[in-house]
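To keep things clear, I will list the structure first and then write my remarks on it.
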Amino acid sequence: MNAVLDAAATRPVIDATDRRIIIATQAGLPRVARPYHALAAELELSPDEVMARLRRMQSAGVIRRIGAVPNHYRLGYTGNGMSVWDVPDNVVRELGRRIGALEFVSHCYHRPRHLPHWPYNLFAMVHGKDRAEVMSQVQRIAALLGEDVRDYDVLFSTRILKKTGMRLTG
Amino acid sequence: APLNVPAAAELDALDRRIINRLQDGFPISEFPYAEVAAELGTDEAVLLARIDALLERGVLSRFGPMYQAELMGGGLTLAAMQIAPDDFEHVAEQVNAFPEVAHNYARDHEFNMWFVLATDSPERIRAVIRAIEQRTGYPVFNMPKKEEFFVGLKFKV
């Protein structure tokens, strides 16, 4: 099987070899001069095959990108607010695109409401040096959304209870 | 200020350039570190040592391919709970004990516990949520993404 996107389900089929590559790189990319060659040796594949499969997974979206994930607290971004917005469903996509493009928003999603407990359908993670900076950025979002905002809230994280990341198991 | 979170790290100019550059993607080629080092005006050995040090110091939590769980055939969701303050630590332990719980954050809101569930198949999400509800005695509000709008890591330093 090839790692191709199933257009209907937008779920690609990754084959057993792709899966071995994913498992071998979940903890990270080897930090040696030729990392893909090192992976290839470990997996008993050719370097060209490893690189070709990584490129294919990247173009299919299975790999978002190859790069670094900073710990935002260690970079001094101690204000991290999850802003949540109740906007009309018929404009959520247009508004989500505009919010997601803001430089201080790292993630932006349309999620389901749970009425009556949870009226919010648009989530935007906002990062700043402190809570005051986050709140001023939230005001910018509110201004951008204008009359489409029916209600909003900001949830600040107070503690990391667990952070292990995702793991595929072999 | 958030509790129990790491303090800001001391970073020099090269660290900052490396952190910014490595959030923009990485080549798939024979000598990718040498290529990126050349862009940054340094050499391969220095770049490798700096990345190692940034990982060791916890400035970077990870360096490598970022996989999208749903496209690998797995399930992924965000879930929230409203836990009574007196029960919070106990329930946090119960929830964290599930290997499918990848991240879990306390937040200052009526919905005070927020976690990401990652499972080997989309169907497993429902079963894990039911198991967490049974174990803790609290309802779990499942909030899977319906659509994603440009996710980029933009922590420029």
Side-chain angles (χ1 to χ4, degrees), chain A residues 11-12 14 22 25 28-29 31 33-37 47 51 54-55 60-78 80 82 93 96-97 99-101 103 106-112 114 117-118 127 153 155-166 168, chain B residues 1-6 8-9 19 22-26 28 30-34 44 48 51-52 58-73 78 92 96 101-109 111 115 118 141 143-155 157:
Chain A
R11 187 184 297 165
I14 54 168
I22 291 169
T25 54
L29 197 66
R31 287 180 305 283
R34 300 198 297 171
Y36 306 110
H37 288 58
M51 289 191 280
L54 286 169
R55 284 192 198 103
V62 176
I63 295 175
R64 269 180 204 286
R65 67 194 168 90
I66 301 175
V69 181
N71 176 337
H72 45 77
Y73 292 110
R74 293 285 277 155
L75 297 186
Y77 289 89
T78 53
N80 299 285
M82 183 171 76
R93 173 173 295 171
R97 285 181 182 153
I99 303 308
E103 75 280 0
S106 67
H107 303 74
C108 187
Y109 299 105
H110 176 201
R111 297 186 184 279
H114 286 270
H117 309 280
W118 186 258
H127 302 272
D153 205 343
L155 286 71
F156 284 97
S157 59
T158 52
R159 249 195 307 161
I160 301 170
L161 302 170
K162 183 177 184 182
K163 189 158 189 173
T164 53
M166 291 151 215
L168 262 192
Chain B
L3 308 169
N4 300 348
V5 299
I19 292 164
L22 292 184
Q23 292 181 77
D24 278 337
F26 194 69
I28 301 175
E30 184 166 5
F31 294 102
Y33 293 102
E44 183 184 66
L48 282 164
I51 296 173
D52 278 341
V59 176
L60 299 180
S61 46
R62 201 169 167 281
F63 173 69
M66 249 101 48
Y67 292 101
Q68 201 167 341
E70 305 96 314
L71 289 179
M72 296 182 336
L78 176 70
N96 289 351
V101 174
H103 312 147
N104 190 2
Y105 284 88
R107 295 190 180 276
D108 59 353
H109 190 268
F111 283 87
F115 49 90
F141 292 79
M143 304 193 193
K145 74 177 178 197
K146 296 171 104 169
E147 190 169 3
E148 173 177 321
F149 308 106
F150 183 74
V151 173
L153 284 178
K154 294 171 273 189
F155 295 106
V157 291

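None of these values were measured; they are calculated from a predicted model. Labels below follow one simple rule: chain letters A, B, ... track the order of the sequence lines, proteins then strands, and each chain is numbered from 1.
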Below 4.5 Å from any heavy atom of chain B, which atoms of A/Pro47 appear? Answer side chain, backbone, both or neither. neither
Go through the atoms of A/Tyr36 and report whether side chain, backbone, both or neither lie under 4.5 Å from a heavy atom of chain B. side chain
What option among A/Arg74, A/Met82, A/Met51 has the most heavy-atom pairs under 4.5 Å with chain B? A/Arg74
Check: B/Gln23 main-chain N/O paired with A/Arg65 side-chain donor or acceptor under 3.5 Å: yes
Please check: side-chain N/O of A/Lys162 versus main-chain N/O of B/Asn96, any donor-acceptor pairing under 3.5 Å? yes
Options [options], ranked by heavy-atom pairs under 4.5 Å with chain A, top entry:
{"options": "B/Ala34, B/Ser61, B/Gly25", "result": "B/Ser61"}
{"options": "B/Leu60, B/Ile28, B/Leu48", "result": "B/Ile28"}
{"options": "B/Pro65, B/Pro32, B/Gly58", "result": "B/Pro65"}
{"options": "B/Phe31, B/Phe26, B/Phe115, B/Tyr33", "result": "B/Tyr33"}

Does A/Ser157 form a side-chain hydrogen bond (donor to acceptor under 3.5 Å, both in side chains) with A/Tyr73? I'd like the steps, not just the answer. CA-CA 11 Å; A/Ser157 59; A/Tyr73 292 110; 3.0 Å; yes
When the 4.5 angstrom heavy-atom criterion is applied to B/Glu44 and chain A, the contacting part is side chain
When rounded to the nearest 0.5 angstrom, what is the spacing between CG in A/Leu155 and OH in B/Tyr105? 14.0 Å
Work out which heavy atom in B/Met143 is nearest to a heavy atom in A/Arg111; give both atom names and the distance. O-NH1, 2.6 Å
Run the numbers on B/Phe141 and A/Trp118 for ring-ring contact (aromatic ring centres under 6.0 Å, His included), then give the verdict. CA-CA 9 Å; B/Phe141 292 79; A/Trp118 186 258; 8.6 Å; no
